[in-house]
Each structure stands twice: as C-alpha cells, then as structure tokens.
Amino acid sequence: MLPRFLAFGTDPWDPTHRFETSWLVSPYALFGLRAFFALYAFLALLLNIGYQCTHADLGGCQESRDGFSYFTTLTYWGLAFYLLVSSIHTFSYARHGTALLNRWPRPLQALHALFYSTVTTYPFLVTIVYWGLLYPYGSAWFPTVYDGWANISQHALNSFFALFEIAVPRTAPQPWVHALWLIVLLALYLALAYVTRATKGFYTYDFLDPGRTGSLVAAYVFGIAVASILIFGIVKGVVWTRCWATEEKMGRKGKFARTASRTDVEEQELSGFTRK
C-alpha cells in the first residue's frame, strides 16, 4: 500500500462534477469564461515571445529562451494550460452530462486536483514577491506601454485568474497533502534556478545569489516556502467559506448540465459540500 501522501484515493471521483460546474453560472458559461481566459493567457505568452524576438534591445529570442527559467513564466504557462484543460473538461460535461476528466485514470484525476491547487496558490505568491520584492521602478510606473501590459498580465492578472477559479467554480477545499507537494515543486524549481546559474551563467532572481544576499538566501527560500503554505491554507479556507455560504446558506447547490440527472446529483451529496 502506498503512503498516504503518494496515494491517489479510492473514493468516487468528483461525483457531482465540482471541477466542471459553478454555483453562479451555467456549465457553458463557465466553459466560455475559462476558454477566454486561456486564450488571453496564451496570447500574452506568445506575443511576449514574439515581441522580444523582434527587439534586439530587449535581448531578442535569447531573452525568450531564458524566460523559461523564471518561476513567473513557468507558473503562467501552467495557469494557461490549466484554464485550457479545465475548459475542455467543462465543455465535455456541458455537452454530454459527464466530463472527460471522469473517464481518465485515477492518477491523472488526482494530478488534476493538484494542478488546481498550484494555480490557486502560486499566482498569489508570484504577485506578492514581484510587487513586494522585485519591482524595479520604485514609485514610478513602467517606462513603456509594452512593459506595463506584459507585467500586469503576468504579475496581476495571474492572481485575477486564480481568484476566478477560487470563487466561481464549485470546487471543494483541497486536501492538506497538496501543501507538501507544493513545497516539493518549489524545491524542484530551486534546483532548476541553480542549474540555470551553472549552465547559463545568471541567477533568475537576485535573492538566490549568495554573492548579493549572503546567508539570507536560506531565509528567502524558507520564507517563500512558508508563504506558499500560508497562501494554500488561506485559499483552502476561502473555498470552504464559499461552499458554506453558497450551498448551505444560500441554497445554491450548483448549475448543472441539462443532460445530467438532478436526482443523481443530489443522491451523491451526503452532507452538504463535504462530499466532492
């Protein structure tokens, strides 16, 4: 038997389609919003690559290649792909009454749930660290319209997309074991950052450079790890509160696909929102 933190679970997977439904909008509307946000995120990423490649003063295509070593860029790609994948699952549920996700192997279903935890935690971490620690212009605004748009897209709208996924779908609070995996993923990124230093000769973030921050590197790394756990805990609490307020107090159990049986949905709800 696998240890608990490696187990994928044996209970029925998302029997009321929480990942594909909302308490506020219909499944087709949820699909449309997710697809629109995914389109914007991918356009922002691709336009950024194209703009850099056509402007040698910004570093050209080499700058775009180096961008894949940055946590901000990687998490934004992850957010874009989550919005795309979740929109596909939402459409399949709206169209057929059952989501494509529900037919996937259990390990992929569990990884989708972890994927959700990453896109509702890391964007806030990126936003806080960038505006609180890394923003390079002091009290001034960005020097060009392009800089402003690119950074707002990746350092502000990322958190808006995360807030949307927290507030609008019917997702239940994610398990605490996800906090452990969030730390594991951060550790893997830390390894990537130092591999980048060894292979490309630069630090992705100044606070990872012992030559600049000395022993404070460990403090920064520990602080970011703690912050990610705190953010996960806050998000978990907000999701619980949203479920409690909308389902228990407001009686808005969710808007389901017309092809899904309302009786079947209600039979799966054992005690409010505690059952996924």
Side-chain angles (χ1 to χ4, degrees), residues 3-6 41 45 48 59 62-82 110-111 113-138 150-163 165-166 173-239:
R4 181 182 177 85
F5 71 95
L6 291 176
L45 287 163
N48 190 46
Q62 183 59 48
E63 184 69 18
S64 293
R65 287 191 289 269
D66 291 344
F68 285 94
S69 293
Y70 287 86
F71 190 70
T72 296
T73 303
L74 295 174
T75 56
Y76 203 70
W77 277 102
L79 182 58
F81 273 108
Y82 178 83
L111 287 173
L114 177 60
F115 201 0
Y116 175 83
S117 291
T118 66
V119 302
T120 55
T121 301
Y122 289 153
F124 298 115
L125 182 65
V126 167
T127 298
I128 291 169
V129 171
Y130 179 77
W131 295 105
L133 187 64
L134 301 176
Y135 181 69
Y137 302 109
N151 281 282
I152 290 297
S153 293
Q154 294 196 32
H155 300 116
L157 288 181
N158 61 334
S159 289
F160 169 77
F161 296 148
L163 280 172
E165 285 296 327
I166 292 167
Q174 295 301 291
W176 280 110
V177 70
H178 283 187
L180 170 63
W181 289 109
L182 291 174
I183 297 301
V184 170
L185 292 173
L186 284 174
L188 291 174
Y189 174 75
L190 184 63
L192 172 63
Y194 284 107
V195 168
T196 297
R197 174 65 180 89
T199 58
K200 295 188 175 182
F202 69 91
Y203 287 99
T204 51
Y205 299 103
D206 288 343
F207 60 79
L208 295 178
D209 182 359
R212 290 174 178 256
T213 58
S215 60
L216 286 178
V217 169
Y220 279 116
V221 170
F222 180 76
I224 288 174
V226 170
S228 68
I229 295 174
L230 289 175
I231 293 169
F232 175 80
I234 292 170
V235 169
K236 184 179 175 71
V238 171
V239 170

Can you tell me how far apart [atom1] ([X]) and [atom2] ([Y]) are? Round to the nearest 0.5 Å.
X: Phe71; Y: Thr73; atom1: CZ; atom2: OG1; value: 11.0 Å
X: Tyr70; Y: Tyr189; atom1: OH; atom2: OH; value: 8.0 Å
X: Leu79; Y: Thr118; atom1: CG; atom2: OG1; value: 8.5 Å
X: Lys236; Y: Thr121; atom1: NZ; atom2: OG1; value: 11.0 Å
X: Leu111; Y: Ser117; atom1: CG; atom2: OG; value: 11.5 Å
X: His178; Y: Phe115; atom1: NE2; atom2: CZ; value: 13.0 Å

Option passing side chain to side chain donor-acceptor pair (under 3.5 Å) with Asn151 (candidates Tyr137, Tyr135, Tyr130, Trp131) =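 That would be Tyr130.
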Hey, are the side chains of [X] and [Y] touching, using non-hydrogen atoms and a 4.5 Å cut-off?
X: Leu125; Y: Thr75; result: no
X: Val129; Y: Leu134; result: yes
X: Ile234; Y: Val238; result: yes

Under a 3.5 Å distance rule, please check whether Tyr116 uses its side chain to pair with a backbone N or O of Glu165 as donor and acceptor.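 Yes, the answer is positive, given that a donor and an acceptor are paired below the 3.5 Å cut-off.
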Give a yes or no answer on whether the side chain of Asn158 reaches the backbone of Ala156 with a donor-acceptor pair at less than 3.5 Å.
->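 Pair found, side chain donor or acceptor close to backbone of Ala156.
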Residue pair [X] / [Y]: nearest heavy atoms and the distance that separates them:
X: Leu208; Y: Ala193; result: CD1-CB, 3.7 Å
X: Trp176; Y: Gly233; result: CH2-CA, 3.8 Å
X: Leu45; Y: Ala80; result: CD1-CB, 4.2 Å
X: Ser228; Y: Ile183; result: OG-CD1, 3.3 Å
X: Pro123; Y: Ser159; result: O-OG, 3.3 Å
X: His155; Y: Thr127; result: O-OG1, 3.1 Å

**Message:** With side-chain contact (heavy atoms from CB on, under 4.5 Å) as the criterion, how do Tyr205 and Tyr220 come out once you've worked through the C-alpha distance, each side chain's angles and the decisive distance to 0.1 Å?
**Reply:** CA-CA 11 Å; Tyr205 299 103; Tyr220 279 116; over 6 Å; no
Please enumerate all residues that pass side-chain contact (heavy atoms from CB on, under 4.5 Å) together with Thr196, with sequence neighbours excluded.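 For Thr196, the residues satisfying side-chain contact (heavy atoms from CB on, under 4.5 Å) (neighbours in sequence not counted) are Ser69, Leu192, Lys200, Phe202, Thr204.
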Residues in side-chain contact (heavy atoms from CB on, under 4.5 Å) contact with Val235, at least two apart in sequence or another chain: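 Partners of Val235 by the side-chain contact (heavy atoms from CB on, under 4.5 Å) criterion, ordered by chain and then number, come out as Thr120, Phe124, Ile166, Ile231, Val239.
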### Task
Please state whether the rings of Tyr194 and Tyr203 are parallel, tilted or perpendicular, taking 30° and 60° as the class boundaries.
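The arrangement is perpendicular - the two ring planes meet at more than 60°.
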Please collect all salt bridge (charged side-chain N to carboxylate O under 4.0 Å, His left out) contacts where either partner lies in residues 175-197, sequence neighbours excluded, each pair once.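 Of all non-adjacent pairs touching residues 175-197, none passes salt bridge (charged side-chain N to carboxylate O under 4.0 Å, His left out).
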